[in-house]
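Convention: sequence-line order gives letters A, B, ...; per-chain numbering from 1. None of these values were measured; they are calculated from a predicted model.
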Number of protein chains: 2
Amino acid sequence: MARVTIRDVAKRVGVSEATVSNALADKPIVTAETKARVRQAAEELGYHISPIARALRTGQTGTVGIVVSNLANPFYADILLGISSVLTPLGYQTIICNTESRAELQEWHVTHLLRHMVDGIVLLSYSSETKATTRALAAGVPLVALWRRPGGSEVSFVGMDDPVAMRLALEHLWSLGHRRIGLLRAHAASSPSEARQNAYTEYLTGRGAPPLPGMVAGVDLSIEGSRDATLQMLDLPAPPTALIATSDLMALGVTMALAERGLAMPADMSVVGFEDTFIAGLPQIQLTAVSVPRRELGIHAAELLLERIADSSLPVRDVVLQPGFRIRSSTAPPQAG
Amino acid sequence: MARVTIRDVAKRVGVSEATVSNALADKPIVTAETKARVRQAAEELGYHISPIARALRTGQTGTVGIVVSNLANPFYADILLGISSVLTPLGYQTIICNTESRAELQEWHVTHLLRHMVDGIVLLSYSSETKATTRALAAGVPLVALWRRPGGSEVSFVGMDDPVAMRLALEHLWSLGHRRIGLLRAHAASSPSEARQNAYTEYLTGRGAPPLPGMVAGVDLSIEGSRDATLQMLDLPAPPTALIATSDLMALGVTMALAERGLAMPADMSVVGFEDTFIAGLPQIQLTAVSVPRRELGIHAAELLLERIADSSLPVRDVVLQPGFRIRSSTAPPQAG
DNA sequence: TTGAAAGCGCTACCAT
DNA sequence: ATGGTAGCGCTTTCAA
């Protein structure tokens, strides 16, 4: 059961290993006839190239790493699906690494991916630039940041138009008559989170209703975190009549808090989510939400990465996708009084 | 920026490459003092082993493959977390492959994992034995099946005690007074699905209430599939008063169907789910469910795999974990009449 | 157009 | 206890 090597094929055809290599790589230098004979023999022997040996020689492994903050979040899972939908058909293996949003795990994973000589890395919701990413760039390994933009440097970026997304949510609520609108934003100091808050402040200020203190809460992405933040907001002297949560999971946290206080949604509180995963569409949830084109985000990230793997001298690029908006039944006009 | 190799370290310390290799592998043959000097030099130069070169030589890559039927299902995501929680700290890279439950993609992924010389493969909800898995075993690559048991052969298996799980659900419903209990099982002819149906039939028959025709539906794992099946059951002359869905997502499909028909849960229909993911616990869902120890399943699978990676002569083993049961508000006594 | 041979970085053997 | 060296399977000059 020993492995079939290029040598076996060469012997079988009666040519050199070099010729087999060139033939299988479909190099123009080899005669069509020789190519045919080589392919035939390879087929018969069940030969397949060893990516490992090839990698040692060329430095190209045919694998790409994906570093993701939370694999168990359906939102990220959908994005991953988008990524592999382009990478897998091309024969790339994807090494998915989960970081639990922990900086040291991010670092660890990127370091290990580099040792394994991945051809490129997608940083999905990566918190910030690190020594490891710097090393990646220095080693010429292309990086694509997705969803969050880590500060600085030579990385391509795929994201959503956050100001537009925020305005979509605000316009909906404003037109329903809401004036005290709270915001639950991601706690981490990431660019999308900040862009959203800026758009939020700008919008409300522009309409003469600048947000009151306590109306913006920075939370982690967990359901519990948003639940707690919501409970705090409900204790404000003039609590919000509507809440914008910048992820579906956060919105679920809001609904938990409301349930605990015996408040009804949307009667007592309107809630707008972000993402619009399948959860938002469940009959019991029916969350009005900004919808994020998850698969498309993944697809674009993969394409940007491939582009730079093919030619690393290409400049980095940014792709910004437009959000949609889906009105369901978690929003309504505020109660009189 | 050329890579630091073992040769550089050897030169620096003034020993041979062989000694460096042995020292870093902590082989007892090397003096403690030499080891110290080698480690020191490696540190100073920023040397790290090349897993690729090592793999070419030893056949061990330090990577394991995970083939999963649906990455976007939070249930499987949780299991993956369990797997990596043991593999990652040990320095293993995990290559996660999504198959969308498609046989040809399963085959494709296993084949590619073998070419990449993974040290072992976890088959998470793998549908059936294939040429690729046979090849894996022939090549001496250990396989662990998780959740579903693919027919035959030399694979370790980690699963749940399905008969017990089913009885937990039935006992709960029976004691509430339900007698017409429907079952939504996975459509595929997998062993757990069948074990559950057998336990179901046996339980009800043993109590003199064998399931009527149409009370068991085989569905795919999607929300829509279960919705459709539920609608059909509701059209039966004597529709069930309770439904057991063998996954949380299926249970959500049931609730969709109920919502469409204007039926209330649990008043008009009790529903028991399987899995008990975070979705089941949401205030709007509150699904009574058999709870599956997802992380533990993953952890055991990883351990079984490591065991056989370390010593492939070890016999395959099975691990069967016990389910829990969580009563929430999707179940109640049947309505009078 | 094809072949011979070097070498990617490492480990395992055999000497010393 | 340490060193020399072959070779894992492949690609890539360079020569023929």
Side-chain angles (χ1 to χ4, degrees), chain A residues 1-39 41-42 45-63 91 112 114-119 139-140, chain B residues 1-39 41-42 45-63 91 112 114-119 139-140:
Chain A
M1 270 317 286
R3 205 177 197 330
V4 182
T5 75
I6 201 170
R7 191 171 207 137
D8 301 317
V9 181
K11 280 212 183 103
R12 169 85 157 231
V13 184
V15 295
S16 71
E17 298 175 35
T19 302
V20 174
S21 176
N22 287 325
L24 292 175
D26 205 21
K27 295 239 175 91
I29 223 172
V30 185
T31 341
E33 196 240 325
T34 310
K35 276 183 192 167
R37 283 169 54 219
V38 167
R39 275 199 274 259
L45 295 173
Y47 169 76
H48 291 288
I49 201 172
S50 159
I52 304 281
R54 185 200 158 95
L56 185 59
R57 185 66 235 252
T58 64
Q60 300 263 297
T61 51
T63 59
H112 274 248
L114 292 176
R115 297 211 186 127
H116 276 269
M117 300 210 283
V118 291
D119 295 341
Chain B
M1 269 316 282
R3 203 180 191 349
V4 182
T5 74
I6 203 169
R7 190 171 207 138
D8 301 318
V9 181
K11 282 213 183 99
R12 169 83 158 232
V13 185
V15 294
S16 70
E17 297 174 37
T19 301
V20 174
S21 176
N22 287 327
L24 293 175
D26 205 22
K27 295 238 176 91
I29 217 172
V30 185
T31 342
E33 196 239 326
T34 308
K35 277 184 192 168
R37 283 169 55 220
V38 168
R39 275 199 273 259
L45 294 172
Y47 168 77
H48 292 289
I49 201 172
S50 158
I52 304 281
R54 186 201 157 93
L56 185 59
R57 187 66 237 255
T58 63
Q60 300 264 299
T61 52
T63 60
H112 275 246
L114 292 176
R115 295 210 188 128
H116 277 268
M117 301 210 286
V118 292
D119 295 340

Any Thr5(A) side-chain nitrogen or oxygen under 4.0 Å from OP1 or OP2 of dG9(D):
no
Mind checking side chain to side chain donor-acceptor pair (under 3.5 Å) for [X] and listing every partner two or more places apart, or none if nothing turns up?
| X | answer |
| --- | --- |
| Thr58(B) | none |
| Thr34(B) | Thr31(B) |
| Arg115(B) | His48(A) |

If you walk 5' to 3' along DNA chain C, what is the first nucleotide with an atom under 4.0 Å of a heavy atom in chain A, and what is the last?
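Reading along DNA chain C, I get dT1(C) to dG9(C).
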Name the nucleic acid region contacted by Ile49(B), choosing base, sugar-phosphate or nothing; use a 4.0 angstrom heavy-atom cut-off, strictly under.
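Sugar-phosphate only.
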Name all pairs fulfilling the side-chain hydrogen bond (donor to acceptor under 3.5 Å, both in side chains) condition that reach into residues 19-28 of chain A, sequence neighbours left out, sorted by first residue then second.
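Sorted result for residues 19-28 of chain A: Ser16(A)-Thr19(A), Asn22(A)-Lys27(A), Asp26(A)-Lys35(A).
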Note: contacts of residues 20-32 of chain B with DNA chain D (heavy atom, under 4.0 Å) are Ile29(B), Val30(B), Thr31(B)
Heavy-atom closest pair (Tyr47(B) atom, Ile6(B) atom, distance to 0.1 Å) is CE1-N, 3.4 Å
In short, Asp119(B) meets Gly59(B) closest at the heavy-atom pair OD1-O, 4.1 Å
Scan nucleotides 5-7 of chain D against the protein and return all N/O pairs shorter than 3.5 Å with their distances rounded to 0.1 Å.
residue	atom	partner	partner atom	Å
dG7(D)	N2	Arg57(B)	NE	3.4
dG7(D)	N2	Arg57(B)	NH1	3.2

Taken in chain and number order and not counting sequence neighbours, the residues that satisfy ring pair (Phe, Tyr, Trp, His ring centres under 6.0 Å) with His116(A) are none
Can you list the residues that meet the salt bridge (charged side-chain N to carboxylate O under 4.0 Å, His left out) rule with Arg57(B), with sequence neighbours excluded?
none
Treating a pair as Watson-Crick (purine N1 to pyrimidine N3 plus N6-O4 or O6-N4) or G-U wobble (N1-O2 and O6-N3) with both distances under 3.5 Å, list the stems of 3 or more consecutive pairs that involve DNA chain C.
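Stem segments, range with range: C:1-16 with D:1-16.
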Euclidean distance, atom [atom1] of residue [X] to atom [atom2] of [N] [Å, nearest integer]:
| X | N | atom1 | atom2 | answer |
| --- | --- | --- | --- | --- |
| Arg54(B) | dG9(D) | CZ | C1' | 18 Å |
| Ile52(A) | dG9(D) | CD1 | P | 12 Å |
| Arg115(B) | dG9(D) | CZ | P | 16 Å |

Below 3.5 Å, can you tabulate the donor-acceptor pairs from side chains in residues 8-15 of chain B to any protein atom, sequence neighbours excluded?
residue	atom	partner	partner atom	Å
Asp8(B)	OD2	Thr5(B)	N	2.8
Arg12(B)	NE	Glu44(B)	OE1	3.4
Arg12(B)	NH2	Glu44(B)	OE1	2.3

Here's a test of your reading of the structure: between Thr19(A) and Thr58(B), which maps to the more 5' nucleotide of DNA chain D?
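The answer here is Thr58(B).
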List in chain and number order the residues that pass side-chain contact (heavy atoms from CB on, under 4.5 Å) with Ile52(B), two or more places apart in sequence or in another chain; answer none if no residue qualifies.
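Checked Ile52(B) against side-chain contact (heavy atoms from CB on, under 4.5 Å); matches are Ile52(A), Ala55(A), Leu56(A), Thr61(A), Met117(A), Ser50(B).
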